[in-house]
Protein chains: 2
Amino acid sequence: MDISARTDYAVRAMLALAAAEGEGPVSVDALARAQGLPGKFLEAVVADLRVAGLVQSRRGAHGGYALARPAAEIVVGEVFRAVSGPLAEVRGLRPQDTSYTGVAEHLPALWVAVRSSLRDVLDRTTLADLLAGDLPAHVRDLLEQPEAWVNR
Amino acid sequence: MDISARTDYAVRAMLALAAAEGEGPVSVDALARAQGLPGKFLEAVVADLRVAGLVQSRRGAHGGYALARPAAEIVVGEVFRAVSGPLAEVRGLRPQDTSYTGVAEHLPALWVAVRSSLRDVLDRTTLADLLAGDLPAHVRDLLEQPEAWVNR
DNA sequence: TCTAAATCCGATCGAGTCAGTAGGAAATTA
DNA sequence: TAATTTCCTACTGACTCGATCGGATTTAGA
């Protein structure tokens with residue numbers, strides 16, 4: 001799992017918008033300055049978020065972007081998919097669309113399990129959760145595993 | 001999570017070797033034919049597995065590769081790391097090495113949780129499990145979630 | 001000792017992705 | 001009209017990815 005700069009920036013921009021909920025639109029420039037991100041690049045990222053319907057835009061002076069829905073109803077997985085496609089792919093295929101013969105017969109089940117476990121984290125954590133540092137119980141359990149914070 | 005051809009091939013080759021446990025070394029050519037993989041490319045993949053100590057090689061006629069440990073003691077996560085590095089990275093950094101300010105303050109916890117959930121699948125499933133189609137109970141639970149097998 | 005079968009090693013290739021930049025058209029507010 | 005801001009297209013340089021080629025080295029067996 002390689003979380004790209006693109007995806008990282010998208011989540012951070014969404015968090016900044018979540019923090020500004022109800023305060024009118026925020027410009028890309030303001031978002032970029034707030035999180036220290038390259039403005040022009042962020043512009044393209046936010047464009048993806050708009051196409052996906054996660055944010056609304058207003059052009060012109062005093063324009064900018066705002067969340068299309070309340071932060072408590074937008075899940076991190078949606079942000080991922082908007083800017084970098086499906087959560088899990090195997091050689092460009094969806095996990096359940098892979099097919100193997102012989103000894104690898106049961107591999108698709110493993111790939112589906114991988115996707116399912118990612119969903120359990122990313123599709124259950126909302127922007128509001130993340131902003132408050134109040135992650136879902138099941139996600140907190142993952143962090144409390146003995147070696148969760150060290151390399152392996 | 002993009003599971004590359006490289007990683008897919010590595011797991012399939014390891015499964016083929018697991019199936020041939022105790023039967024002497026298997027050549028890359030035999031592995032490639034068994035799973036329908038590009039031979040020369042697989043050669044490079046298997047080389048990574050050797051450097052990581054997951055397989056042992058024997059050169060010359062009747063040479064080939066064999067598992068370095070029993071299939072029941074090799075976990076899929078090891079194969080992943082051998083051929084494609086750490087399970088989870090954020091802009092090239094380990095999850096716990098990321099740092100943010102302001103609204104993104106709690107992001108590292110999410111990244112660590114993502115890695116932890118991947119480990120729960122990949123570091124708990126052995127080659128023997130996968131070969132037998134007998135996945136760990138906790139992994140099977142993931143597959144039984146309502147929409148595990150459909151796109152989202 | 002010769003030969004065939006293998007691993008091993010390095011170089012190369014084309015296509016694509018990735019992070020980031022540049023420039024300007026269109027829209028909106030004041 | 002002027003300033004602001006989204007929107008769109010194009011481009012860059014560096015890197016990755018899947019795959020191939022050619023050959024050096026090692027080994028088993030006839």
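Letters A, B, ... are given to chains in the order of the sequence lines, protein chains preceding strands, and every chain is numbered from 1. As the structure is a prediction and not an experimental result, all values here were calculated from the model.
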Could you state the [atom1]-[atom2] distance from [X] to [N], rounded to the nearest angstrom?
X: B:D2; N: D:dC15; atom1: CG; atom2: C1'; answer: 16 Å
X: A:L49; N: D:dC7; atom1: CG; atom2: C1'; answer: 15 Å
X: B:L42; N: C:dC8; atom1: CG; atom2: P; answer: 13 Å
X: A:L17; N: D:dT6; atom1: CG; atom2: P; answer: 11 Å
X: A:F41; N: C:dA22; atom1: CZ; atom2: P; answer: 15 Å
X: A:D48; N: C:dC18; atom1: CG; atom2: P; answer: 11 Å
X: B:D29; N: C:dA4; atom1: CG; atom2: P; answer: 16 Å
X: A:I3; N: C:dA19; atom1: CD1; atom2: P; answer: 12 Å

| field | Note, A:L118 side chain near B:L118 side chain (heavy atom, < 4.5 Å) | value |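 When only atoms from C-beta onward are counted, B:L118 and A:L118 do touch, with a gap below 4.5 Å.
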
| field | Exercise: identify the closest heavy-atom pair between A:L143 and A:W149 | value |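 Looks like O-NE1, 3.4 Å.
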
| note | Nearest heavy-atom contact between B:P136 and B:R124 is CG-O, 3.2 Å

Closest to side chain of [X], choosing from [options]:
X: A:R50; options: D:dC7, C:dA19, C:dC9; value: D:dC7
X: B:A5; options: D:dT6, D:dT4, D:dG18; value: D:dG18
X: B:H62; options: C:dC8, D:dG18, D:dA28; value: D:dA28
X: A:E43; options: D:dT6, C:dT29, C:dC8; value: D:dT6

| hbond_proxy B:K40 side chain to D:dG18 base (donor-acceptor, 3.5 Å cutoff) |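 No pair found.
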
| query | Does a distance-only test, which skips hydrogens and angles, find a donor-acceptor pair under 3.5 Å between the side chain of B:R59 and the base of D:dT25? | reply | yes

Look at [X] and [N] and indicate whether a side-chain polar atom (N or O) is within less than 4.0 Å of OP1 or OP2.
X: A:R58; N: D:dC7; value: no
X: B:S27; N: C:dA5; value: no
X: A:Y65; N: D:dT5; value: no

| task | Give a yes or no answer on whether the side chain of B:Q35 reaches the backbone of B:A16 with a donor-acceptor pair at less than 3.5 Å. | result | no

| task | Please round to the nearest 0.5 Å and tell me the distance separating atom CD of B:E78 and atom CG of B:L54. | result |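 Going from CD on B:E78 over to CG on B:L54, the span is 5.5 Å.
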
| Looking for any heavy atom pair under 4.0 Å, which part of the strands does B:V46 touch: base, sugar-phosphate only, or nothing? |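 The answer is nothing, as B:V46 stays clear of every strand by at least 4.0 Å.
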
| message | By nearest heavy atom, map A:A44 and B:A47 onto DNA chain C; which one lands nearer the 5' end? | response | B:A47

